[in-house]
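We number each residue from 1, following the sequence as shown. Remember, it's 1-based here, ligands and their atoms both numbered in the order they're listed.
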Amino acid sequence: MENRNLWRQFSEEQTPFYLYDLNVLRNVLSEATKWSNRFGYKLHYAMKANANPELLQIINDFGLGADCVSGNEVLHAIDMGFGSENIVFAGVGKTDQEIRLALNAGIFAFNVESCQELEVINELAGEMKKTARVALRVNPDVNPYTHEYISTGQSRNKFGIPYAELEDTLAKLKGHSNLEFIGLHFHIGSQITQMGVFRELCERVNIIQDEVERMGFDIPHLNMGGGLGIDYDNEKIEMPDFRGYFSVFNETLNKRPGQTIHFEPGRSIVAACGTLITKVLYVKENPADAYVIVDAGMTELIRPALYQSYHPIVNLNGANSQRFYAVAGPICESSDFFTKKILLPRVERGNLLAIKQVGAYGEVMSSRYNLRSAVKRFHVDIETLINEDQLIAGIAAN
Ligand code: LLP
């Protein structure tokens, strides 16, 4: 479709809405798979980051498997054409129903997070006369230097089997005849921007592997989880550093002959392709701040309220002069803001703002609080990352 028509179409749409650029997604996937293939690594997309069918279709076309955290995600992955042999299932609270469903589907592996879960899977698999493939998710106690709500691999976190309990768990596993041990799983957190964190993870995993082998287990599969962060401070979309990321594992991890190394990226795959377009309703002069009140809120994008995160904001109707604003939504909560201070071209009622890099954990975490309407989404398919900027500028110009 010609860009001019696209612009007309979107400028008439009622805000707020998510706008996904599928070609940005393809560019990111090309880069991710280029580097993972170079090292022979297998990728499972973490569907929790964004489960939109239009995106999953493309992700599946690129040959990624699916990392799921609920029975519904497993079903959705299968519906979307992901082969069950490419589906892994993590989560600290798998219900009996979800375990049965995944056993029926014949998924590749359960990433098991406790000794008790292991017993339950063994029992349910026995009842169904099946063998469950299991990987043990071990909590390696590594500090990911990220927001505490998205740290998952420190000893105080609820995730994974504590290292101190690994020996006991493995001993029990030997007695569970309906389980096949296929390896180890790790995931230490999200939005990790320091490569040294992944290096430390590898060093811990090297020790844990030795320990597990000493207990008489082969480890055909190692799943190193997701976590690669993106640069949210940058208005211009940058390609995540997949080369640097995978190189750390290639250099540091003691890979065994014939072993398959898996990863579960979510954010790094889909963050860049999504933008939230919102309209300015009011500009309020409060004693402390000038508030821009927009028609999107924490119901459409909860990350700033939940993790004090920032997403680049662009005034698509930008005037020349600039001033500082707080940008907030319409929801009846004081945490409903996108930023407390940003320098923007002077804002007026009716201006459109683009909130960028929101493809991951954006729409998928939206809610109907305050009985808001479900947020809409549109897709475009244009040539390059740069054109994506032109497109959103075009929406404003029309
Ligand atoms: N694997 C497992 C087992 C996970 O729990 C997660 C994310 C991932 C992979 C993918 O991690 P990623 O590559 O996306 O960092 N809602 C939060 C993020 C929660 C992440 C939870 N686990 C946010 O908006 O920042």
Relative to [atom], which among [options] owns the nearest non-hydrogen atom?
| atom | options | result |
| --- | --- | --- |
| atom 23 (C) of ligand 1 | F263, Y307, Y149, Y45 | Y307 |
| atom 11 (O) of ligand 1 | H187, R303, R267 | H187 |
| atom 10 (C) of ligand 1 | M365, M224, E264 | E264 |

Hey, is ligand 1 close enough to [X] that some N/O pair sits below 3.5 Å?
| X | answer |
| --- | --- |
| G225 | no |
| G227 | yes |
| Y361 | yes |

Can you list the atoms of ligand 1 that are under 4.0 Å from a heavy atom of [X]?
| X | value |
| --- | --- |
| R137 | 3 (C) |
| I150 | 17 (C), 18 (C), 19 (C), 25 (O) |
| G226 | 9 (C), 13 (O) |
| D67 | 1 (N), 2 (C), 9 (C) |
| A46 | 8 (C), 9 (C), 10 (C) |
| P265 | 13 (O) |
| G266 | 12 (P), 13 (O), 14 (O) |

Heavy-atom pair with the smallest gap, counting every atom of N111 and K94: O-NZ, 2.8 Å
Check: [X] ring centre within less than 6.0 Å of [Y] ring centre:
| X | Y | answer |
| --- | --- | --- |
| H262 | F108 | yes |
| F378 | F17 | yes |
| F263 | Y245 | yes |

Lys/Arg N to Asp/Glu carboxylate O, E300 vs R372, below 4.0 Å: yes
With a 4.0 Å cut-off on N to O distance, would you call R256 and E213 a salt bridge? yes
Sub-4.0 Å heavy-atom contact, A49 with ligand 1: no
Would you call the rings of Y149 and H147 parallel, tilted or perpendicular, taking 30° and 60° as the class edges? perpendicular
Any idea which protein heavy atom is nearest atom 21 (C) of ligand 1, and the distance to it?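 In this structure, atom 21 (C) of ligand 1 has K48 CD, 3.9 Å as its nearest protein heavy atom.
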Distance from atom 15 (O) of ligand 1 to nearest protein heavy atom, with residue and atom: S190 OG, 2.4 Å
What residues, two or more places apart in sequence or in another chain, satisfy side-chain contact (heavy atoms from CB on, under 4.5 Å) together with L170? L136, L166, F181, V212, M215, F217
For Y369, check side-chain contact (heavy atoms from CB on, under 4.5 Å) against everything at least two apart and list the hits. T299, I331, E333, S367
State, yes or no, whether a side-chain contact exists between V205 and L222 at a heavy-atom distance under 4.5 Å. yes
May I ask you to identify, for M47, whether its side chain, its backbone, both or neither come under 4.0 Å of ligand 1 on a heavy-atom basis? neither
Please determine which of V142, V248, L253 meets the side chain to side chain contact (heavy atoms under 4.5 Å, CB included) test together with R199. V248
